[in-house]
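Single-structure report; data block below.
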Amino acid sequence: MRISATLYLTDGTIGPARLGRELEERGFDGLYVPEHTHIPVPRETVYPGGELPPECARMLSPFVALAQAAAVTERLTLGTNIALVAQHDPIDLAKQVATLDHLSGGRVTFGVGYGWNREEAEDHGVPWPRRRAVVRDRLALMRALWSDRPTAYEGEFGSVRSSEVHPKPSLPPRKRLGKAPLYGPRTLIGGAAGPGLFAEYADGWMPIGGSGLREALPVLRTAWADAGREADDLYVALTGVTPEPGKLAHYAELGVDEVIVQLPAAGEDEVRRALDGMGRYVTPGKDVTSRKRT
């Protein structure tokens, strides 16, 4: 089971280049960063975790930050945790993701989600009640651009002509029953979307923590098989985990592929201390490039 890390990268925390080096040197498998473009004030939407962390309003662009980490590492995988797809122009986002994947040598995992902050989404022109449909539509458009030949797409929220577009993500296309192959980097859906959606347009699941996994994973695997997806394509990454030996063993026994531990949104010294405390869970110098279906 892979062990990666996440934190709220901001203009006041450890920088992505330093963090990337620290993680790779210590044997961590990946770095994941979240996304908020802005937090409108006043705010009406209740933060799902209780008190809104002040770092939410100071987050770095995940794609710029991960590009900096990619430039100083060789094996560390790089992911979003999660990217707010509905808040992006999908043609531009497809280019950013594919470029990061190309420049990093195919190390990108694209964690996507629907968002929780209504005011933020509406500033981007997202119709809040339809945000899941927007994400689904924009991902379909992005997959058309990532396909191996010029492919047009006409959707409810956007369209693109048949186009030449490069670079392409490096992960081979994945088979789907009765549908075109799934193109793009490994794409994981965050949150609690229905199991059919994971099988339809993603490569797996990225829930926060491990509550209910024992019940949820068999349902997901059944939906996966029913959709004609290859068993080895299914990827499950738990994020926001505070590591404990018994907890990690439980996740491994359930067949979880990756655990993403939570680091403090802090400066270099505090983050290094946190990493020191997690050293027993990783193996320095190991090859962290192995991934299913690479």
Given the options His88, His36, His38, His124 meets ring pair (Phe, Tyr, Trp, His ring centres under 6.0 Å) only with His38
Reported CE-to-OG1 distance for the pair Met206 and Thr187, which is rounded to 0.5 angstrom: 10.0 Å
Assigning hydrophobic clusters by single linkage (Ile, Leu, Val, Met, Phe, Trp, Tyr; side-chain heavy-atom cutoff under 4.5 Å), is Leu238 placed with Met1? yes
If I take atom CZ from residue Phe63 and atom CD from residue Glu35, how far apart are they, to the nearest 0.5 angstrom? 6.0 Å
Taking the side chain from Glu120 and the backbone from Pro40, do they hold a donor-acceptor pair closer than 3.5 Å? no
Output, in order, the C-alpha distance, side-chain angles, deciding distance and verdict of salt bridge (Lys or Arg N to Asp or Glu O under 4.0 Å) for Arg176 and Glu230. CA-CA 8 Å; Arg176 299 185 294 173; Glu230 298 286 344; over 6 Å; no
Interatomic distance, Glu154 atom CD to Asp137 atom CG [nearest 0.5 angstrom]: 9.0 Å
Show your reasoning for whether side chain to side chain contact (heavy atoms under 4.5 Å, CB included) applies to Tyr235 and Glu258. CA-CA 8 Å; Tyr235 199 87; Glu258 185 171 12; 2.9 Å; yes
The residue among Leu213, Leu248, Val241 that forms side-chain contact (heavy atoms from CB on, under 4.5 Å) with Val256 is Leu213
Take a 6.0 Å sphere around CD of Glu44 and say whether it holds more than 12 heavy atoms from other residues, nucleotides or ligands. no
Determine whether Glu200 and Lys179 satisfy the following criterion, side chain to side chain contact (heavy atoms under 4.5 Å, CB included), listing intermediate values before the conclusion. CA-CA 9 Å; Glu200 178 185 349; Lys179 297 183 178 180; 3.4 Å; yes
Check the hydrophobic clustering (I, L, V, M, F, W, Y; side-chain heavy atoms under 4.5 Å; chains of links allowed) and say if Leu60 and Tyr8 are grouped together. no
Value for CG (Leu23) from CG (Leu19), rounded to nearest 0.5 Å, stands at 4.5 Å
Out of curiosity, does Ile189 fall in the hydrophobic cluster containing Val108 (side-chain heavy atoms, cut-off under 4.5 Å, transitive links)? yes
Which distance, rounded to the nearest 0.5 Å, do you find between the CZ of Arg138 and the CG of Asp89? 7.5 Å
Salt bridge (Lys or Arg N to Asp or Glu O under 4.0 Å) for Arg272 and Glu22? Distances and angles first, verdict last. CA-CA 8 Å; Arg272 285 171 59 91; Glu22 291 285 347; 2.2 Å; yes
For the CG atom of Leu234 and the CG atom of Leu217, what is their distance to the nearest 0.5 Å? 8.0 Å
Show every ring pair (Phe, Tyr, Trp, His ring centres under 6.0 Å) that has at least one partner inside residues 128-162, sequence neighbours left out. none
